[in-house]
Amino acid sequence: MKNIIQPVKGTRDFYPAEKAVITWLWSTIREVSESFGYQEFDGPYLESIDLYAAKSGEELVKEQSFVFPDKNGNLIALRPELTPSLVRMIAQKQQQLFYPLRWWSFGPFWRYESPQKGRGREFFQWNADLIGVDSPEADAELTALLASLFQKVGLGPDQVKVFVNNRRLMENELAELGIPEDLQGSVFRVIDRRDKLNDSDWKDYALKMGLSESQFSGVQALLSADDLWKKSPELPRFFEAADALGVAEYVAYSPRVIRGLDYYTGTVFEAQAITSKVRRSIAGGGRYDNLLADVGGQPLSGVGFALGDMVLSVILDELDLLPLNRDASPAQVMVTVFDEDSQLAAYQLSAELRKAGIPVYTYPTPDKLGKQFKHADRIGARVAVILGPDEIREKKVAIKDLSTREQFTFPREDAPKAILGLLENGPSA
RNA sequence: GCGAGCGUAGCUCAGUCGGUAGAGCACCGCACUGUGGAUGCGGCUGUCGCGGGUUCAAGUCCCGUCGCUCGCCCCA
């Protein structure tokens, strides 16, 4: 036990119960994405470090990426985010693709950070992007897509919210306060920290970043201006569209949302749990106008978001919204093995049932029936099939409903139909 | 990178003032040789994270180290 090599820090082992959760999440995401007409795509997990040097935040590349040299000495990164790969893929075929693109992806990402609740070094992300439409309505569609996942997994608008803001709006407001353009980035960081520091620490931080007293109180006022969105040419249209898309309950304006990544240029949004103890954001996204041009493509506007699996899982777990029976066998039918002589007959019957389209778990050894039934309970089977000497002699099989403990005998050829009947009627898993 | 807490049976944990290691659950067996979730009885399980030190004696105290967890930072 002590000699087992430790797993790599920040990685997770997906035992069947955990794998079932990620598979469920993936397929739910697929359903929601496809319901909006988005196509699945993926990029490579390995990328040249140069791809990220171009535009991702400094910190993300320098501090938080897994980087190693290949045999030629080129620096390769395990992808810490998807957007640069997406942009590269589009730029490579920019003339061949037809727009708008509605693409989604789900896959692993790596960041070298210290693991804690809701954060690891290897995690999954859902990415969705709408490329080639520059409108508040397109922004609203992305938040609607995000909200639809929340709806689908059982998270209501009283539990999660998508907070929305607009960078251009904020830039204008800061300019009106007399804050020079080269200070805006710093002020965005000040805003980003509002909820993390207490009042006086926050003020100290703001002044240290170069704000004057009057500019500081101006920023302070901005952050409680809950109807600031009305001054934006885009946000009123955004909220009307969100309303039309049926997700008005899920979206809310927040002047405090600003997003860390440098490449956002317009509307930005961030999904947060309202009730959870975990204050980390579930998903974040926004509009980027310059990414394609930055990598040498024609200018093309896009909007997208990323959602991490770890924070979402924590929240779903807290609210008891993860799928049940995560550890059950995918087969709901278990064929017992009565004794050594009839073992192969049990195998044969199993094969017949599978041919009829029924997933079957065959008990591996001729143990006492009691033990086999107990095992059937443990693997989550709902039906047990018994083929003993009596049944074999009469060309019958006994079929037992494990939840009601009722048992019936059927002619062998009727067994598949009888089992399917039981599975249909019984309580759903 | 910084700070705090925790490492004892497969799991969750107890272990007093330093005195030779415990409980519940799980598992196995029996009661019960063609029938499971209950009950009773019996059984199995330990590098007390690792290394050093103090001591007649260390799970317990000290030092170091590794690991995990939770925060800070940053972000999904």
Side-chain angles (χ1 to χ4, degrees), chain A residues 1-12 15 25 56-65 79-83 105-128 146 189 192-193 196-197 201 205 258-262 269-273 277-286 304-315 334 336-339 342 363 366-393 398-409:
Chain A
M1 194 62 202
K2 287 296 177 296
N3 294 326
I4 295 174
I5 290 172
Q6 302 275 359
V8 173
K9 189 190 195 78
T11 62
R12 292 171 288 173
Y15 289 86
L25 187 60
S56 303
E58 290 263 304
E59 174 119 17
L60 190 59
V61 184
K62 284 191 188 151
E63 311 287 339
Q64 300 183 348
S65 294
R79 62 181 190 181
E81 59 165 339
L82 186 64
T83 305
S105 180
F106 186 86
F109 294 85
W110 293 266
R111 287 185 195 175
Y112 198 89
E113 297 187 277
S114 83
Q116 51 193 272
K117 198 176 185 66
R119 192 176 71 188
R121 289 181 173 183
E122 182 178 65
F123 54 93
F124 288 88
Q125 263 190 2
W126 174 33
N127 281 264
L146 183 53
R189 289 177 64 84
D192 207 36
R193 288 203 176 182
K196 290 165 184 164
L197 301 174
D201 284 353
Y205 179 66
I258 210 72
R259 305 294 305 147
L261 292 173
D262 296 335
F269 52 92
E270 191 167 316
Q272 283 170 10
K277 297 172 281 283
V278 180
R279 300 305 307 170
R280 231 180 296 283
S281 67
I282 303 171
F305 65 79
L307 171 144
D309 77 296
M310 295 188 73
V311 174
L312 182 63
S313 296
V314 168
I315 287 158
M334 192 187 94
T336 60
V337 173
F338 189 84
D339 56 22
S342 63
Y363 195 84
D367 287 333
K368 286 169 44 170
L369 277 183
K371 191 173 170 184
Q372 296 192 43
F373 285 124
K374 200 170 177 183
H375 188 84
D377 290 328
R378 284 298 297 268
I379 66 166
R382 286 168 51 202
V383 172
V385 179
I386 304 101
L387 191 62
D390 300 346
E391 287 83 7
I392 290 176
R393 197 177 323 110
I399 293 168
K400 177 164 182 152
D401 183 329
L402 288 164
S403 55
T404 63
R405 297 175 170 239
E406 286 175 311
Q407 184 171 319
F408 305 97
T409 306

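Numbers restart at 1 for each chain; the letters A, B, ... are given by sequence-line order, proteins then strands. Side chains are part of it too, since the values below use all heavy atoms of this structure and drop only hydrogens, waters and symmetry mates.
Residue A:Gln372 is out of contact with every strand shown, counting any heavy-atom pair closer than 4.0 Å. Backbone-only engagement by A:Lys371 is indicated by non-hydrogen atom pairs under 4.0 Å involving sugar-phosphate atoms exclusively. Within the 4.0 angstrom heavy-atom criterion, no nucleotide atom of any strand lies near A:Glu270. Looking at heavy-atom distances under 4.0 Å, A:Leu402 makes contact with a base. Nucleic acid contact for A:Ser114: base, since at least one base atom lies under 4.0 Å from a heavy atom of the residue.
Rounded to whole Å, the separation between the C1' atoms of B:A14 and B:U60 comes to 13 Å. Remark: the separation of the C1' atoms in B:C27 and B:C11 is 11 Å, to the nearest Å. Comparing B:G43 with B:G51, their P atoms are spaced 33 Å from each other, to the whole Å. Atom C1' of B:G18 sits at a distance of 45 Å from the matching atom of B:A31, rounded to the whole Å. Across B:A38 and B:A76, the matching P atoms stand 47 Å from one another, rounded to whole Å.
For A:Glu391 against B:G34, a side-chain N or O and a base N or O form a donor-acceptor pair under 3.5 Å. Applying the 3.5 Å distance criterion, the base of B:A76 shares a donor-acceptor pair with the side chain of A:Glu113.
With a 3.5 Å limit on both pairing distances and Watson-Crick or G-U wobble geometry required, the stems of 3 or more pairs in RNA chain B span B:1-7 with B:66-72, B:10-13 with B:22-25, B:27-31 with B:39-43, B:49-53 with B:61-65.
Separating the CZ atom of A:Arg382 from the C1' atom of B:G37 is a distance of 17 Å, rounded to the nearest angstrom. As a whole-Å value, the separation of A:Arg119 CZ from B:C75 C1' is 6 Å.
By the salt bridge (charged side-chain N to carboxylate O under 4.0 Å, His left out) test, A:Asp377 pairs with no residue at all, sequence neighbours left out.
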